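Here the structure comes first, spelled out in structure tokens, and everything after it is commentary.
What you are looking at is a predicted structure, and each value in this text was computed from that prediction instead of being measured. Protein chains get the first letters and strands the later ones, always in sequence-line order, with residue 1 at the start of each.
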There are 2 protein chains.
Amino acid sequence: METYKTLLKQKGLKATGQRALMLKTIEEDGHIDIDALKEKMQAVSPNISLNTIYLNLEQLSNEEVISKVSLNNQKSVYEITKHTHAHLVCKICGSIEDEPVDLNLLTAMKEGAIASSFKPSFVAVNIYGICSRCENNQTNKEKK
Amino acid sequence: METYKTLLKQKGLKATGQRALMLKTIEEDGHIDIDALKEKMQAVSPNISLNTIYLNLEQLSNEEVISKVSLNNQKSVYEITKHTHAHLVCKICGSIEDEPVDLNLLTAMKEGAIASSFKPSFVAVNIYGICSRCENNQTNKEKK
DNA sequence: CTCTGTGCAAAGCGTTTGCAAACGA
DNA sequence: TCGTTTGCAAACGCTTTGCACAGAG
């Protein structure tokens, strides 16, 4: 918990219990949406308000401590910022897995952007499809 | 306009004027959000309801005629479906440009997903950064 | 001690829903 | 004609705002 507080101070934000808990909860979960975040945080500290969660998500995003992942047709999720991965998003169950991405691929894409005189900051890659679990379920249904 | 109606029929949807106008408007604009879409459509045909726009966006997305592009911190936009490009999203002015992406890169990323026994359908790549216009503006300000 | 951060309640806004009339096939 | 689509209005839910109190530096 102290690690989180140190990080917060480094970013120029006050090290409140709510913020530290928020980082801890996000890190433990991997990818979490607002509802789940609220529930997990309130399980620890019942009277944290949604308002506080929204405000802090925004501030921590601004400091790039966490990243917002916007998805088609489902709620945004938040994660601790890490740049070199893609998200495998299941169109059926909505699960999200991280997938390491070769840095060379990301670099190649950034270079394409630079060629268009665009100054890239970060690359978000979402791969939509069907996860193995849902794929198996579908196959089973067809057999019946 | 007839081209759009033919396309709609191919997809098993009734070829209404609203739907054809919607496809035309999206195609002309490239990337359009709901408000702009509503305004442009109502400029042609004033009493189209927002409801209709929402419903048709959903149906056309389901048929993959159009694609929804979900972005961090700004409204989603819609475009005619085309798979092999990335979006350059300016964090300052919000502008969106298309950027051709080498098919090999996309294939490489899909293969990474398949290695995780995930069945990829399509890859969404958003590159966030600063467009040349905003970059120039910032530089100018600093000089003053 | 000062100023940021928090909690609670209310307001705001984008999206969805319900239903009767209009329209395409 | 029949089922789908549309328009209008109301309902809904997520997010933001306002303000007084609490807490960090």
**Prompt:** Looking across every strand, which nucleic acid part, if any, lies under 4.0 Å from B:Lys38 by heavy atom: base, sugar-phosphate, or nothing?
**Reply:** nothing
**Asked** Are side-chain heavy atoms of A:Ile26 and A:Leu60 found at a separation under 4.5 Å?
**Response** no
**Asked** D:dA22 C1' sits how many Å from A:Asn51 CG, rounded?
**Response** 15 Å
**A:Ile48 backbone acceptor or donor facing A:Thr52 side chain under 3.5 Å** = no
**Message:** I want to confirm an ordering. Mapping B:Leu55 and B:Ala15 to their closest nucleotides on DNA chain C, which one lands closer to the 5' end?
**Reply:** B:Leu55
**Message:** When you compare the side chains of B:Glu97 and B:His31, does any donor N or O come within less than 3.5 Å of an acceptor on the partner?
**Reply:** no
**Prompt:** So what is the end-to-end bend of the helix from C:dC1-D:dG25 to C:dA25-D:dT1, with 5 pairs used at each end and the value given to 10 degrees?
**Reply:** 50°
**Item:** Side chains of B:Thr3 and B:Thr6, donor plus acceptor under 3.5 Å
**Value:** no
**Prompt:** Is there side-chain contact between A:Gln74 and A:Leu71, with heavy atoms separated by less than 4.5 Å?
**Reply:** yes
**Fill in**
Taken to the nearest whole Å, CZ/A:Arg19 to P/D:dA24 is 11 Å
**Request:** Give, for atom NZ of B:Lys75 and atom OG of B:Ser70, the distance between the pair rounded to the nearest 0.5 Å.
**Result:** 14.0 Å
**Prompt:** First and last nucleotide of DNA chain C in contact with chain B, 5' to 3', at under 4.0 Å to a heavy atom: what are they?
**Reply:** C:dG14 to C:dA25
**Complete:** So CD of B:Glu63 and CG of B:Leu7: to nearest 0.5 Å the spacing works out to 9.5 Å
**Request:** Find the distance A:Leu13:CG to D:dG25:C1' and express it as a whole number of Å.
**Result:** 13 Å
**Asked** What are the two closest heavy atoms between A:Ser117 and B:Ser132, and how far apart are they?
**Response** O-CB, 3.2 Å
**Request:** Please figure out whether B:Asn56 or B:Lys14 has its closest DNA chain D nucleotide nearer the 5' end.
**Result:** B:Lys14
**Request:** Measure the distance from CG on A:Leu8 to C1' on D:dG25 and round it to the nearest whole Å.
**Result:** 14 Å
**Asked** Side chains of B:Glu99 and A:Ser116: donor-acceptor distance under 3.5 Å anywhere?
**Response** yes
**Prompt:** Say you draw a straight line from NZ of B:Lys40 to NZ of B:Lys24; how long is it, rounded to the nearest 0.5 Å?
**Reply:** 10.0 Å
**Request:** Specify the residues of residues 69-81 of chain B, ordered by number, for which at least one heavy atom lies under 4.0 angstrom from an atom of DNA chain C.
**Result:** none
**Prompt:** How about B:Met109 and A:Met109: do any of their side-chain heavy atoms sit closer than 4.5 Å?
**Reply:** yes
